[in-house]
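Just so you know, ligand 1 is whichever comes first in the structure, and atom 1 is the first atom listed for that ligand. One-based numbering along the sequence shown.
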Amino acid sequence: MDVKQAKQMVKASLSTKRYKHTVNVKKAAVHLAKKYGADPEKAALAALLHDAVKERSKEELLQILQDNAIIAQNAQNSPAPVWHGVCAAILAQTQWGITDPEIISAIRCHTTGKPGMSKLDKIIYLSDMISEERDYPEVYELRQLAEQDLDLAVCTAVEKNIGWMRECGKTIDPLSLQAYEDLKQQVQKAKQEMEGTCHE
Ligand SMILES: [Fe+2]
Ligand SMILES: [Fe+2]
């Protein structure tokens, strides 16, 4: 499946509102890919497919996870809002002809993040949170950070997500906590290196 086919598929299967979100995520992802030296084509494909099954029923998503237990890796034990990313990643491999592991990974972890996120994982996670139609108060800060420092922006985005979920008493996927710890370390390391260079 290429970008054009992916666009056609999601247009046909999603509500107008979610399709618009999807196109906006694609726009943000292509922009960030160009800015930070990732492959814009891969970013476009991952963005177009990230929410492709978000409007399917919980039962249907659970069925996909159960039918593909090896790929799903116990994802049914994760909070239900996480399932649509894992299911889209499963269908990408099994039905939509996506073979690129980077694209599959970015689709899969777009709601949770994960430790050791690739540049594309970070771009898709962040693009999903700063897409044009989003207007929650913190989005302006995240958009600004996204233009300055990808790692810092994603780290802040994951931190905010964890904070919101805690406030609402929602279960936090362990992957998000691991992602945050990992990103925090990356950001601190970069800061230390920067300070080191400044002092030389
Ligand atoms: Fe999503
Ligand atoms: Fe999304």
**Q.** Test: Lys27 and Glu132 ion pair at under 4.0 Å
**A.** yes
Q) So which pairs with a foot in residues 90-100 pass side chain to side chain donor-acceptor pair (under 3.5 Å), sequence neighbours left out? A) Lys42-Asp100
Q: Take atom CD of Glu41 as the centre, draw a 6.0 Å sphere, and report whether it contains more than 12 heavy atoms from other residues, nucleotides or ligands.
A: no
Q) For the Fe ion (ligand 1), how many protein N, O or S atoms lie at less than 2.8 Å? A) 3
Q: Could you list all the side chain to side chain donor-acceptor pair (under 3.5 Å) pairs where at least one residue sits in residues 73-83, not counting sequence neighbours?
A: Ser78-Asp173
Q | Cationic N near anionic O, under 4.0 Å, Asp182 to Lys114 | A | no
Q. Who are the salt bridge (Lys or Arg N to Asp or Glu O under 4.0 Å) partners of Lys160, not counting sequence neighbours?
A. Glu141
